[in-house]
Amino acid sequence: MKYALVTGAGRGIGRAIAQRLASAGYHVLVNYKSNDAAAEETAALVKSAGGDATLMKFDVSDRKETETALNQWRSENEGAWIEVLVNNAGIRKDNLMLWMEPAEWDSVIDTNLNGMFNITRLLVKDMMVRRFGRIVNVVSLSGIKGLPGQTNYSAAKGGVIAATKALALEVAKKGVTVNGVAPGFITSDMTSDLDEAALKKQIPVERFGKPEEVAALVAFLVSPEASYITGEIISINGGIYT
Ligand code: NAP
């Protein structure tokens, strides 16, 4: 049994990644924070397509909770290891710096940046020991170029981008690759408050992307064919120049 853990897989991009990795033969560990119904739907979609999924409810921003959940999984699955980790869980709390509350800054950094650390540190050793592993971090256009109203989110994603490059160098010789995918505007709950009609004028392809399109890129990066790609941040944004 090959295991892949996708954080924030209850909805949106994470759900599409979970479905795609399941169809590639992975038993998918579906992490989410609080929306039980959505996560159960992800698991049902995976299973109805002939795959297998296990729900793992924990808050990636909570170091202790993350560790407890992973230790529990290990004790219930002796000898098993997670060979693919997709750090996808993320939130936005947009505000101009002028008005930004400390809680808005902290929660976005804690989830998007610290969440990646909290979970990756627990899984990278197994990958190195087994001499195979794939880590894909879902970052953002915002972390590459910076977007107004998103100093917190741009800082968090920019931090993950830098960590992706550094970690890739640490583990390359052990057969572990670490890459980032940087979506532009993708249709999901996270972007449901945005004015797609206005924003798509800035997108050369003239539409928002689909979660399935991001999932296809992630599936390639975790495949054996992508063994020679590491430390890269691949944009998927319909042609927005970064
Ligand atoms: P979404 O539809 O809002 O879904 C977010 C998922 O993350 C949900 O399953 C949510 O769990 C989970 N989550 C949030 N905080 C969490 C935490 N602390 N611990 C565990 N799970 C947590 O978002 P999305 O659009 O699919 O975004 C997925 C990723 O892509 C994010 O990292 C986002 O920053 C990035 N991204 C998105 C876009 C876009 O246009 N949509 C563009 C660039 C980058 P619950 O369901 O339990 O709430």
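Read the numbers this way: they start at 1 and go in the same order the structure lists the ligands and their atoms. Fair warning: this is a prediction, and the values are worked out from it, not measured in the lab.
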Handout entry: For N31, the ligand 1 atoms whose distance to one of its heavy atoms is below 4.0 Å
Key = 20 (C), 21 (N)
Problem - Within reach of ligand 1, part of P183 (heavy-atom separation under 4.0 Å) - result: both
Practice task
May I ask you to identify, for I91, whether its side chain, its backbone, both or neither come under 4.0 Å of ligand 1 on a heavy-atom basis?
Solution key: side chain
Exercise for the section: Taking atom CD of E206 as the centre, report whether more than 12 heavy atoms of other residues, nucleotides or ligands fall under 6.0 Å from it. Expected result: no
Problem - Heavy-atom closest pair, residues I17 and V138 - result: CD1-CG2, 4.3 Å
Practice task
Evaluate the side-chain proximity of Q72 to M56: yes if any heavy-atom separation is below 4.5 Å, no if none is.
Solution key: no
Problem - Element-labelled atoms of ligand 1 that are located less than 4.0 Å from some non-hydrogen atom of F58 - result: 19 (N), 20 (C)
Exercise for the section: Looking only at protein heavy atoms, identify the closest one to atom 24 (P) of ligand 1 and say how far it is in Å. Expected result: S188 OG, 3.6 Å
Practice task
Answer yes if the side chains of D110 and N114 hold a donor-acceptor pair under 3.5 Å, and no otherwise.
Solution key: yes
Fill in the blank from the handout: For G12, the ligand 1 atoms with a heavy-atom partner under 4.0 Å come out as 2 (O), 26 (O)
Fill in the blank from the handout: Note: ligand 1 atoms sitting under 4.0 Å from heavy atoms of N88 are 28 (C), 29 (C), 30 (O), 31 (C), 32 (O)
Completion exercise
A student checking ligand 1 against G184 at a 4.0 Å heavy-atom cut-off should list atoms 38 (C), 40 (O), 42 (C), 43 (C)
Exercise for the section: List the closest protein heavy-atom neighbour of atom 11 (O) of ligand 1: residue, atom name, distance to the nearest 0.1 Å. Expected result: K33 N, 3.5 Å
Problem - For N35, the ligand 1 atoms whose distance to one of its heavy atoms is below 4.0 Å - result: 45 (P), 46 (O), 47 (O)
Handout entry: atom 40 (O) of ligand 1 [closest protein heavy-atom partner, distance rounded to 0.1 Å]
Key = I186 N, 2.8 Å
Problem - Side chains of Y241 and N237, donor plus acceptor under 3.5 Å - result: no
Problem - Heteroatom distance test (T191, ligand 1): nitrogen or oxygen, under 3.5 angstrom - result: no
Handout entry: Proximity to ligand 1 by part of R15, non-hydrogen separation under 4.0 Å
Key = neither
Practice task
Say whether, by atom type as modelled, one donor and one acceptor occur between the side chain of N31 and the main chain of L5 under 3.5 angstrom.
Solution key: no
Exercise for the section: Using only heavy-atom distances, determine whether the side chains of R134 and S227 contain a donor-acceptor pair under 3.5 Å. Expected result: yes
Exercise for the section: Side-chain contact test, heavy atoms from C-beta onward, threshold under 4.5 Å: evaluate it for L199 versus F208 and give yes or no. Expected result: yes
Problem - Closest approach of any protein heavy atom to atom 12 (C) of ligand 1, naming residue and atom - result: G8 CA, 3.4 Å
Handout entry: Nitrogen or oxygen of Y153 less than 3.5 angstrom from that of ligand 1
Key = yes
Exercise for the section: Considering only non-hydrogen protein atoms, determine which one is nearest to atom 44 (C) of ligand 1 and report residue, atom name and distance to 0.1 Å. Expected result: V139 O, 3.0 Å
Exercise for the section: Evaluate the side-chain proximity of F220 to S223: yes if any heavy-atom separation is below 4.5 Å, no if none is. Expected result: yes
Handout entry: Nitrogen or oxygen atoms of I13 and ligand 1 under 3.5 Å apart
Key = yes
Completion exercise
Taking only non-hydrogen atoms of D59 and a 4.0 Å limit, the atoms of ligand 1 in range are 17 (C), 18 (N), 19 (N)
Exercise for the section: Please write down residue, atom name and distance for the protein heavy atom closest to atom 8 (C) of ligand 1. Expected result: R11 NH2, 3.7 Å
Practice task
Give a yes or no on whether a salt bridge exists between E40 and K47, defined as a side-chain N under 4.0 angstrom from a carboxylate O.
Solution key: no
Problem - Salt bridge E41-R15, side-chain N to carboxylate O under 4.0 Å - result: yes
Problem - Contact check: A38 vs ligand 1, nitrogen or oxygen atoms, below 3.5 angstrom - result: no
Exercise for the section: Decide whether an N or O pair under 3.5 Å exists between V60 and ligand 1. Expected result: yes
Problem - side-chain hydrogen bond (donor to acceptor under 3.5 Å, both in side chains), paired with N137, selected from N112, N179, N87 - result: N87
Practice task
Flag yes if more than 12 heavy atoms outside K57 fall under 6.0 Å of its NZ atom; otherwise flag no.
Solution key: yes
Exercise for the section: Check ligand 1 against F185 and write out every atom of the ligand that is under 4.0 Å from a heavy-atom position of the residue. Expected result: 40 (O)
Exercise for the section: Tell me which protein heavy atom sits closest to atom 30 (O) of ligand 1, plus the residue, atom name and distance to 0.1 Å. Expected result: V138 CG1, 3.3 Å
Problem - Minimum-distance protein heavy atom relative to atom 5 (C) of ligand 1 - result: G90 O, 4.0 Å
